[in-house]
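In what follows, a single structure is set out as structure tokens and then discussed.
Because only heavy atoms are used, hydrogens play no part in the values below, and waters and symmetry mates are left out as well, while side chains stay in. One is the number of the first residue; the rest follow in order along the sequence.
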Amino acid sequence: MSIEVRHAERRDSEPIRDLFSEVYGPNSPFGSFFSYNCLILVAEVDGQLAGCISVVISEKSPLRPIYEEAWLAVRPAYQESLASEISNLFRELAQQYELPDANETLRRIDKAFADLRMEVAIVKLLRDLLIFKGLNELELKHLSKLFKQKLFRQGEPVFEEGAVNDELYVIMRGKIDVIIDGAKKIKIATLSAGSVFGEIAFLNQSPRTATTTAAENSIVLIIQRQNFDKLVETQSHLGMIVFRNLALDLSRKLIQQNKTVQMGPPK
């Protein structure tokens, strides 16, 4: 398998557009990269377009508010196996050009690939969760872009009982305790990596029905309802699947919670 990187030419415009459509779907940022002052690099594997990055290098670009970072598209088949190699080759090639700010250009390339690695990890996690069962790879990719990552130290609350917010949480690493009944602090569950919580408020924006606290240092993925709703406006199928799965998962958890409360705390 041979990888070649080079500066994009106008003949690459259509293949690049198709690649960005494949990776980003209807939210493709492609537009017309060739009309602005961009550094556009492509990577080919055995002669076929495998990846492309476009970095705005002019402070005067009329699209600067949109192109604050590098736009990256790597064909899904190569996102795990060749992303690191393509990243290094892009950096080497970028340094061969006289750029207004070479270090900033390299920083943007590094950040674009770091975001890709995180996106791949999030998609891999979401793919195995019941509430996202039925979504295709592109839908999972679009959903993954909405999640923000946050570290919670041991003992730090994620949210308090009675708090008002509409975020949904997925544990990427660590454990989270679920506590109810205010001052009595009855622990009804300890959730581990891959668990989802916060569904009720995410669904109906009601106050939190429990307190959740990090049982150990934990990394949690967070998605806001308003951002999810914006995605659903363009992808109604995704919304239908997620809301159906959330309702089923929430029903199962409520049944389990009722059983735990009836049994009382462990002696």
Side-chain angles (χ1 to χ4, degrees), residues 1-58 60-102 104-124 127 135-146 231 234-235 237-238:
M1 181 183 297
S2 64
I3 304 177
E4 178 186 355
V5 298
R6 57 179 174 80
H7 192 275
E9 302 174 2
R10 288 198 171 272
R11 64 182 173 86
D12 299 311
S13 179
E14 188 170 333
I16 290 174
R17 181 201 64 200
D18 293 342
L19 175 59
F20 270 83
S21 294
E22 178 183 352
V23 172
Y24 288 90
N27 299 316
S28 171
F30 172 68
S32 182
F33 291 151
F34 293 91
S35 299
Y36 300 96
N37 190 13
C38 301
L39 173 68
I40 308 174
L41 306 177
V42 298
E44 295 177 329
V45 175
D46 296 333
Q48 299 297 315
L49 184 64
C52 174
I53 194 164
S54 175
V55 185
V56 172
I57 59 177
S58 171
K60 299 179 181 179
S61 169
L63 286 188
R64 180 162 173 74
I66 299 176
Y67 295 98
E68 290 181 353
E69 299 294 340
W71 284 108
L72 172 68
V74 176
R75 204 172 296 282
Y78 304 120
Q79 288 180 355
E80 291 188 52
S81 60
L82 296 179
S84 294
E85 187 171 354
I86 292 174
S87 174
N88 292 333
L89 292 172
F90 276 163
R91 294 182 91 262
E92 291 175 10
L93 183 59
Q95 293 178 74
Q96 298 177 20
Y97 295 89
E98 294 184 7
L99 304 171
D101 188 341
E104 175 63 13
T105 300
L106 295 179
R107 186 195 71 79
R108 291 185 179 191
I109 291 175
D110 288 342
K111 184 178 185 305
F113 277 94
D115 289 345
L116 174 62
R117 288 191 293 272
M118 177 54 62
E119 180 183 299
V120 169
I122 293 175
V123 168
K124 189 179 293 186
R127 187 186 294 131
L135 298 182
N136 60 40
E137 287 298 304
L138 189 56
E139 289 171 329
L140 287 171
K141 178 179 287 289
H142 293 164
L143 192 62
S144 72
K145 295 179 185 298
L146 302 182
L231 179 62
T234 59
Q235 301 189 46
H237 174 262
L238 183 152

Is the backbone N or O of L93 less than 3.5 Å from a side-chain atom of Q96, with the two atoms forming a donor-acceptor pair by type? no

Counterpart residues, salt bridge (Lys or Arg N to Asp or Glu O under 4.0 Å), relative to R127 (two or more places apart): E137

Chi angles and distances behind the side chain to side chain contact (heavy atoms under 4.5 Å, CB included) call for C52, I40: CA-CA 7 Å; C52 174; I40 308 174; 3.9 Å; yes

Could you report the tightest heavy-atom contact between T105 and V55, atom names first, then the distance? CG2-CG1, 4.1 Å

Here the gap from L82 atom CG to N88 atom CG, rounded to the nearest 0.5 Å, amounts to 11.5 Å

How close do A73 and L19 get, heavy atom to heavy atom, and via which atoms? O-CD2, 3.6 Å

Report the residues that fulfil side-chain hydrogen bond (donor to acceptor under 3.5 Å, both in side chains) with Q79, sequence neighbours left out, ordered by chain and then residue number. K141

Contacts of Q48 that satisfy side chain to side chain contact (heavy atoms under 4.5 Å, CB included) - sequence neighbours left out: none

Can you sort out the partners of R10 under side-chain hydrogen bond (donor to acceptor under 3.5 Å, both in side chains), two or more places apart, ordered by chain and number? none

Before you tell me yes or no, could you show the steps for L116 and V74 under side chain to side chain contact (heavy atoms under 4.5 Å, CB included), namely the whole-Å CA-CA distance, both residues' side-chain angles and the distance that decides it to 0.1 Å? CA-CA 9 Å; L116 174 62; V74 176; 3.9 Å; yes

Any salt bridge (charged side-chain N to carboxylate O under 4.0 Å, His left out) pairs touching residues 81-96, not counting sequence neighbours? R91-D110

Return each pair, listed once, that meets salt bridge (charged side-chain N to carboxylate O under 4.0 Å, His left out) where at least one residue sits in residues 26-52; pairs must be two or more places apart or across chains. R6-E44

Work out which heavy atom in A94 is nearest to a heavy atom in L106; give both atom names and the distance. CB-CD2, 4.2 Å

Shortest non-hydrogen contact from A112 to L72? O-CD2, 3.6 Å

Among all residues two or more places apart in sequence or in another chain, which pass the salt bridge (Lys or Arg N to Asp or Glu O under 4.0 Å) test with E98? none

Rounded to the nearest 0.5 Å, what separates atom CD in E119 from atom NZ in K124? 13.0 Å

Contacts of type ring pair (Phe, Tyr, Trp, His ring centres under 6.0 Å), residue H7, not counting sequence neighbours: Y97

To the nearest 0.5 Å, atom CD1 of I109 lies from atom CG of L89 at 11.0 Å

For A43, which residues count as a side chain to side chain contact (heavy atoms under 4.5 Å, CB included) partner, sequence neighbours excluded? V5, I86, F90

Matching residue for M118 among V120, D115, I122 - test: side chain to side chain contact (heavy atoms under 4.5 Å, CB included): I122

Ring pair (Phe, Tyr, Trp, His ring centres under 6.0 Å) partners for Y78, two or more places apart: none

Which pairs with one or both residues in residues 13-24 pass side-chain hydrogen bond (donor to acceptor under 3.5 Å, both in side chains), sequence neighbours excluded? E22-R75

Applying side-chain hydrogen bond (donor to acceptor under 3.5 Å, both in side chains), can you list everything that pairs with Q95, at least two apart in sequence or on another chain? none

How many angstroms lie between atom CZ of R108 and atom OG of S54, to the nearest 0.5 angstrom? 10.5 Å

Yes or no on side chain to side chain contact (heavy atoms under 4.5 Å, CB included) for L231 and L143, after CA distance, side-chain angles and deciding distance? CA-CA 8 Å; L231 179 62; L143 192 62; 4.1 Å; yes

